[in-house]
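Proteins come first, then strands; the chains are lettered A, B, ... in the order of their sequence lines, and each starts at number 1.
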Amino acid sequence: MAKSPGHTVVEQWFKSKKWKWAPFQQEAAKAYLAGKSGLVNAPTGSGKTYSLWVPILIRHINAVAKPSSRAGKGLQVLWITPLRALSKDLFRNMEAAALEMNTTWRIGIRTGDTNTKERGDQKKQMPDALIITPESLHMLFSQKNASELFKNLHTVVVDEWHELMGSKRGTQTELALARLRTLNPDLQTWGISATIGNLEEARKVLLGMRFPIENSVVVKADTSKKILVESVLPERVETLPWSGYMGIRLVDKVIEIVNKSSTTLLFTNTRAGTEIWYRTIIDKYPEFAGIMALHHASLDREIRDWVEEALHEERLKLVICTASLDLGVDFRPVDTVIQVGSPKSIARFIQRAGRSGHRPGVDSRIYFCPTNALELIEAVSLREGVEKNILEDRPPIVQAFDVLAQWMITLAVGEGFDEVQLFEEVCDAYGYQYLNREEWEWLLGYITTGSSSLTVYDEYKKVERVNGRYMVTSRRVAQRHRLSMGTIVSDAGIKVKLQSGKYLGTVEESFATWMKAGDVFTFAGMTVEFVRMHEMTLTVKKAEGKKSFLVRWAGSRMPLSSQLSAFVRERLSDALDNPLKEVELLKLEPLLELQKERSMIPRTSELLIEQCETREGYHIFIFPFEGRLVHEGMSILLAYRLSRIKPITFSVAMNDYGFELLSDQYVNMEAVLKDTDLFSTKHLVDDIYQSVNATEMAKRKFREIASIAGLMFQGYPGQNIKTRHLQASSSLLFNVMTKYESNNLLVGQAYQEVLTYQLEEVRMRNALNRIATQTIRIRQTEKPTPFSFPIMVDRLREQLTSEKLEDRVQKMIKQYSNAD
DNA sequence: GACCTGCTGCGGCATG
């Protein structure tokens, strides 16, 4: 094959000293220049941007020489990123490369931050390359000249594709990509992804159903960088509580590590966790004032920007953060990462480890700080997972009718669409490959009449058919739609403001209304006193040295991943047969012995059930080690199945290792298991729907779906509608639609989401199938065991305030310790 | 001898 002029330029670049091309960069560059699409699998800081950006420029330089040059003809490259914060860094990188290569290319950013002037300029003349978020990209499609904008586009790059793919933002991206492929069938699409279990699937989702797979590649960066996992260990296991998730007991050990490092990131699992750690360290080690900072999503953007800046400039020794620093800017100064508590997944742990040792030849090191004794098993499991490189999948979202409905209206607000053409196009997206005509018709009906149950309300008649094209003609509808685009649905928070006027961040409505004037709480690392609350703003003043509440936020529950769960089961089993090797397990030995003494440790071929009687009643503990969501569903399922044998009610509790059924009656589990197949997968979905309050759960899910599908207007910017009002109206819509319309796709989607994400149906099924092959071991114990005690405490935690919980735990310890 | 669970992310109007 004759070499194109581009090849010569590439070869020059490969030989030039300006860029030190890693093998993966060369591979990606060559594939790109050969016209292919693909997925680059490379960690942050590996030069992944250059690996695509430089070849894009090379192609441009090459093209300018030809009369067919597209230069100056508007957008040619789109660079999609999930984070506004990343766009600035990318911009700098790209500018630098463009400058170095002497091109005339203009690069622009288009996100919500982009100011009016810049937007105006872009409207007059689009830059050659544009960095954009999925949401802003959809915004562009709601303009009247959308297809004009994209007609010369030849390349799309999606950064952090692993992050987008598993969410509705990913689905949004899929739809936009399908559109862009219609506008230019030769479009080259590239994704950049961290390592995940399902890379092949990730490529498919990115490229769509009709893309000839042989025209694409998956390029893997050489990840020879080693990750060292070290546990923060107490002198004696007794230092670690049996239950609990904060880990502050090991604060001295942690500070030792921090002092040995130049800059440390300390990850906690919760926002409240960062606040506790911050306060504890300031109290015990006041010298950290000024060189330690907090970072989580409820802190004001300004504070977070300051922290990120200071981190960059090496002015901070320690930053305590949540997942808010998982992605994003590459913090070169960071040399140490500490993870407090279970990261719940191996992939996340590796991602965090990668935040340290950004220099070539330096290994990444991550410290794991357990928060309770049993987490020592997770420490060993994590290390094994890292060594074997077992990574979790990011399953893409499918059949999200809410996102599709929004997209249809977006296009109707823009240029309008031809229904037959769009149907075909949408089916090209991975997430809608199974969409059928019937569903499509329903959606068309939904956007034009508001579905059969809402036809009397004009408000829901958004789209009209004009000359066969679906269009939005009402300005008001268009405006309201633009105001509510996107798939992220969150409650309006209460802003917290110092009397001086400085904003600290946001707390939840429920927390703010629970307090009264004079109450003191800890927030943003400060102790502050409630002064007054007015129109969604809480004014506070500094209150030094008083005892205070801790801010809590209600969040989602991340279960232990199935990969990590499997390692935990194997590790326990292994501890029975082989002498303990790892330091973590040696530390844990006394506790494992106690578990054996009071009950037993299950092998992988066994399922352990413990029963005991306390003043509270009769407890049944079951330990599938499958993560808390599966346990939640399974506990309710079992409670239901048991209650069918004889009338009995249970209260349930669970953690990542097992669950509890508590009742005032004794259940003879041996007899029950002999007669009934308690763990059967038969009629599973029916039984789940019978047992859990599926309608209530679906109703809660429906709120998000209704928001995305455009059923609920969230209010104008800055004047958000109160959470409970939104809840009420979504609940009303849910009832109406359920009652009058049996085939409502959005209601169906709500039930499906409950089943898939809240109850993890697939995983539960797998777990039940596994249990079917296991031998069930029932142990009657006199006292709660190291396995069951934490579950009991978790149940009480939900019922009691923390002071009362403390008393209860103390009492329980006295009651159940070996000394009595 | 054993206490604090609950992540992240985007976007936008009209009027004065």
With a non-hydrogen cut-off below 4.0 angstrom, is A:Met139 in contact with a base, only sugar-phosphate, or nothing?
sugar-phosphate
May I ask you to evaluate whether A:Arg169 reaches the phosphate of B:dG9, defined as a side-chain N or O under 4.0 Å from OP1 or OP2?
no
For A:Gly112, which contact category applies under a 4.0 Å heavy-atom criterion: base, sugar-phosphate, or nothing?
sugar-phosphate
Could you check which of B:dT5, B:dC10, B:dC3 has an atom nearest any side-chain atom of A:Tyr245?
B:dT5
Below the 4.0 Å mark, does B:dC7 have OP1 or OP2 next to a side-chain nitrogen or oxygen of A:Thr322?
no
What nucleic acid atoms does A:Thr268 come within less than 4.0 Å of, heavy atoms only: base, sugar-phosphate, or nothing?
nothing
Tell me yes or no: between the side chains of A:Ser298 and A:Trp553, is some donor less than 3.5 Å from an acceptor?
yes
Please state how far atom CD in A:Gln172 lies from atom C1' in B:dC10, giving the value in whole angstrom units.
8 Å
Tell me whether the OP1 or OP2 atom of B:dC7 has a side-chain N or O from A:Arg271 closer than 4.0 Å.
yes
A:Arg476 side chain N/O closer than 4.0 Å to the phosphate oxygens (OP1, OP2) of B:dC13?
no
Is there a donor-acceptor pair closer than 3.5 Å between any side-chain N or O of A:Gln339 and the backbone N or O of A:Arg352?
no
May I ask you to say what A:Lys344 touches in the nucleic acid, namely base, sugar-phosphate or nothing, with a heavy-atom cut-off under 4.0 Å?
base
What nucleic acid atoms does A:Arg236 come within less than 4.0 Å of, heavy atoms only: base, sugar-phosphate, or nothing?
nothing
Please classify the nucleic acid contact of A:Arg119 as base, sugar-phosphate, or nothing, using heavy-atom distances under 4.0 Å.
sugar-phosphate
Tell me whether the OP1 or OP2 atom of B:dG9 has a side-chain N or O from A:Arg304 closer than 4.0 Å.
yes
So what does A:His296 hit on the nucleic acid, given a heavy-atom distance under 4.0 Å: a base, only sugar-phosphate, or nothing?
sugar-phosphate
Between A:Glu616 and A:Arg795, does any NZ, NE, NH1 or NH2 come within less than 4.0 Å of an OD or OE carboxylate oxygen?
yes
Give a yes or no answer on whether the side chain of A:Arg119 reaches the backbone of A:Thr114 with a donor-acceptor pair at less than 3.5 Å.
yes
State which of B:dC10, B:dG11, B:dT8 makes the closest approach to the side chain of A:Ala323.
B:dT8
Does the side chain of A:Gln479 get closer than 4.0 angstrom to OP1 or OP2 of B:dA14 through an N or O atom?
yes
With respect to the phosphate group of B:dG11, does any side-chain polar atom (N or O) of A:Thr133 fall under 4.0 Å of OP1 or OP2?
yes
Out of B:dA14, B:dC7, B:dT8, whichever nucleotide has its closest atom nearest the side chain of A:Trp553
B:dC7
Testing the 3.5 Å rule here: is there a donor-acceptor pair between the side chains of A:Gln406 and A:His138?
no
Rounded to the Å, how far apart are A:Met654 CE and B:dT5 C1'?
14 Å
When all nucleic acid strands are considered with a 4.0 Å heavy-atom cut-off, which category describes A:Ser484: base, sugar-phosphate, or nothing?
nothing
Less than 4.0 angstrom between a side-chain N/O of A:Arg482 and OP1 or OP2 of B:dC13, yes or no?
no
